[in-house]
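A short worksheet on the structure shown next.
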Amino acid sequence: MKIGFIGLGNMGAPMALNLLKAGHSLNVFDLNDAAVHSLVGAGAKAAASPKAAATGVEWVVTMLPAAAHVKRVLTADDGVLAGVPEGTIIIDCSTIDPATVKSMAEAAKANGNTFVDAPVSGGTGGATAGTLTFMVGASAADFRKIRPVLQAMGRNIVRCGETSTGQVAKICNNLVLGITMAGVSEAMALGEALGIDAAVLAGVINTSTGRCWSSDTCNPFPGVLDSAPAARGYTGGFGADLMLKDLGLATDAAKFARQPAYLGALTQQLYQTLSARGEGRLDFSAVINLYRGIKVAI
Ligand code: NAD
């Protein structure tokens, strides 16, 4: 199938590569020329704008940092909606707020298109391996149509309900993730201060009731896991500023729903502090630096 793919960052680039590997033909666009060149090297066609990337395609996939980028990429004069053929489904895999999803869905509908939210979890490792989880907000009929496209990039494709419910699931998941990473960081730093070996402590947690992804797969303490971002100076992985954005989405949604979000608000401030220290581009597990007093050079 012919697909327009926009946003070739840490996640988008490996996702686009998997679509190419599955035999789809891709028109790609990103503001970063180097990212575009690397995809062209793998067989994609470079487009000069989101409009050009969407012209003549059967599907559009977007993987952008935040809501403002999605709005711009869709609705600008040289945006997707200006070029995309009528009837085409636009699949947005970015993590953004449910209200923006609804307004983009209305704009797409007015243009004769459908906008579907399909945020992901699984990180850059999952994006590369093609094992992402997709949380989809779409009608049952649209879900059936987009499933084969998503299957080239992920393993677990879940329909969460109608438009925007994919983002609701994603925001709630990342609320848990941010809080558990802060919790594991607090515990690992306390263990260090009290003199236990970090690997021994992590081993106990990972076979006890404290076990969670933040501890057994992405442990923030350097040296505990060779495959974790902590082992490579907190590079790669899921940026702390993206976690800050997601916690903002969760606390905003909580305000809207008049729901308390005690730990979410506190964890958001931890990430705000990390960002203010200039460490927002590091992997989000670098939040342990707030506890260990270490400033990593960027
Ligand atoms: P990223 O910052 O690495 O990539 C974003 C890409 O979008 C960049 O290449 C940037 O140049 C491009 N871009 C920005 N504005 C653009 C525009 N107007 N037109 C075209 N391209 C534009 O971000 P990422 O890590 O790939 O994350 C993308 C989304 O996925 C975010 O919403 C993030 O919250 C979510 N997410 C990330 C991870 C992760 O582990 N990195 C995991 C799950 C979900």
Side-chain angles (χ1 to χ4, degrees), residues 4-18 27-39 44 46-54 60-83 90-98 100-101 104 117-129 131-136 153-154 156 166-167 169-178 181 213-214 217-218 228-229 234-250 271 280-286:
F5 200 109
I6 299 151
L8 306 166
N10 288 332
M11 296 293 288
M15 288 164 69
L17 276 175
N18 282 330
N27 287 347
V28 295
F29 177 74
D30 195 291
L31 297 177
N32 176 359
D33 288 339
V36 173
H37 285 143
S38 142
L39 257 293
S49 66
K51 177 182 174 180
V60 174
V61 180
T62 51
M63 190 50 165
L64 297 157
H69 309 91
V70 175
K71 265 188 215 166
R72 187 193 170 317
V73 161
L74 255 77
T75 61
D77 289 346
D78 63 350
V80 167
L81 293 181
I90 300 157
I91 306 168
D92 180 40
C93 300
S94 326
T95 305
I96 64 172
D97 62 289
T100 299
V101 171
M104 290 301 97
D117 51 310
V120 303
S121 84
T124 49
T128 304
T131 56
L132 291 171
T133 291
F134 283 89
M135 292 155 263
V136 182
M153 302 181 282
N156 193 15
Q167 296 295 356
K170 173 68 188 173
I171 288 169
C172 291
N173 178 69
N174 277 23
L175 176 63
V176 176
L177 180 61
M181 184 55 82
W213 188 91
S214 296
T217 307
C218 193
Y234 302 100
T235 56
F238 180 47
D241 276 344
L242 287 177
M243 175 52 83
L244 176 59
K245 177 199 73 165
D246 290 356
L247 289 166
L249 293 175
Y271 279 96
R281 294 177 71 178
L282 298 179
D283 179 76
F284 81 115
S285 59

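Fair warning: this is a prediction, and the values are worked out from it, not measured in the lab. Whatever order the structure lists ligands and atoms in, that order sets their numbers, starting from 1. Just so it is clear, the values below take in all heavy atoms, side chains as well, and ignore hydrogens, waters and symmetry mates. Sequential numbering from 1 along the given sequence is applied to the chain's residues.
- Nearest protein neighbour of atom 29 (C) of ligand 1, counting heavy atoms only, is Leu64 O, 3.3 Å.
- Atom numbering of ligand 1 starts at 1 in the shown order; those under 4.0 Å from a heavy atom of Gly237 are 40 (O), 41 (N).
- Of all the listed residues (Met63, Met11, Met15), Met63 holds the heavy atom that lies closest to atom 30 (O) of ligand 1.
- Residue contact check: Val120 has heavy atoms under 4.0 Å from atoms 43 (C), 44 (C) of ligand 1.
- Residues Ile90 and Met104 form no side-chain contact, since every pair of their non-hydrogen atoms from C-beta on lies 4.5 Å or further apart.
- Ligand 1 places these atoms under 4.0 Å from at least one heavy atom of Val73: 17 (C), 18 (N), 19 (N).
- Residues passing the side chain to side chain contact (heavy atoms under 4.5 Å, CB included) test with Thr235, sequence neighbours excluded: Arg232.
- For ligand 1, the polar-atom distance check against Asn10 finds a nitrogen or oxygen pair separated by under 3.5 Å.
- Between the choices Arg281, Lys170, Lys71, Lys245, the shortest heavy-atom distance to atom 34 (O) of ligand 1 belongs to Lys245.
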Expected list for residues 60-69: side-chain donor-acceptor pairs under 3.5 angstrom, two or more places apart:
unit_1 : atom_1 : unit_2 : atom_2 : d
Thr62  : OG1    : Asp92  : OD1    : 2.7
His69  : ND1    : Ala66  : N      : 3.1
His69  : ND1    : Ala66  : O      : 3.4

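- Considering CD1 of Ile96 and CG of Asp117, their distance stands at 7.5 Å, rounded to 0.5 Å.
- Nearest-residue assignment for atom 20 (C) of ligand 1 (options Phe29, Phe238, Phe284; heavy-atom criterion): Phe29.
- Closest protein heavy atom to atom 4 (O) of ligand 1: Gly9 CA, 3.2 Å.
- Using a 4.0 Å cut-off to heavy atoms of Leu242, the atoms of ligand 1 that qualify are 25 (O), 27 (O), 33 (C), 34 (O).
- At least one N or O atom of Thr95 sits closer than 3.5 Å to an N or O atom of ligand 1.
- Heavy-atom distances between Ser121 and ligand 1 stay at or above 4.0 Å for every pair.
- Here the side chains of Leu17 and Met153 are not in contact, with every heavy-atom distance at 4.5 Å or above.
- Looking at heavy atoms from C-beta onward, Leu132 lies out of side-chain contact with Ser121 at the 4.5 angstrom threshold.
- Counting only heavy atoms from C-beta outward, the side chains of Met135 and Val120 never approach each other to under 4.5 Å.
- Of all heavy-atom pairs between Phe134 and Cys93, the closest is CE2-SG, 3.8 Å.
- Nearest protein neighbour of atom 9 (O) of ligand 1, counting heavy atoms only, is Asp30 OD2, 2.7 Å.
- Of all heavy-atom pairs between Pro229 and Gly237, the closest is CG-CA, 4.4 Å.
- From Met15, atom CE reaches atom CG of Asn18 across 9.0 Å, with rounding to the nearest 0.5 Å.
- Using cut-offs of 30° and 60° for the angle between ring planes, the Phe284 and Trp213 rings count as parallel.
- For Ile96, no heavy-atom contact with ligand 1 is shorter than 4.0 Å.
- Among the atoms of His69, none of the N or O lies under 3.5 angstrom from an N or O of ligand 1.
- For the ligand labelled ligand 1, residue Gly126 lies outside the 4.0 Å heavy-atom shell.
- In this structure the side chain of Tyr271 never reaches within 4.5 angstrom of the side chain of Asp246, judged on heavy atoms.
- What sits closest to atom 14 (C) of ligand 1 on the protein, heavy atoms only, is Pro65 CD, 3.7 Å.
- Counting only heavy atoms of the protein, atom 16 (C) of ligand 1 lies nearest to Leu31 CD1, 3.5 Å.
- Applying the 4.0 Å criterion to heavy atoms of Ser94 picks out, from ligand 1, the atoms 32 (O).
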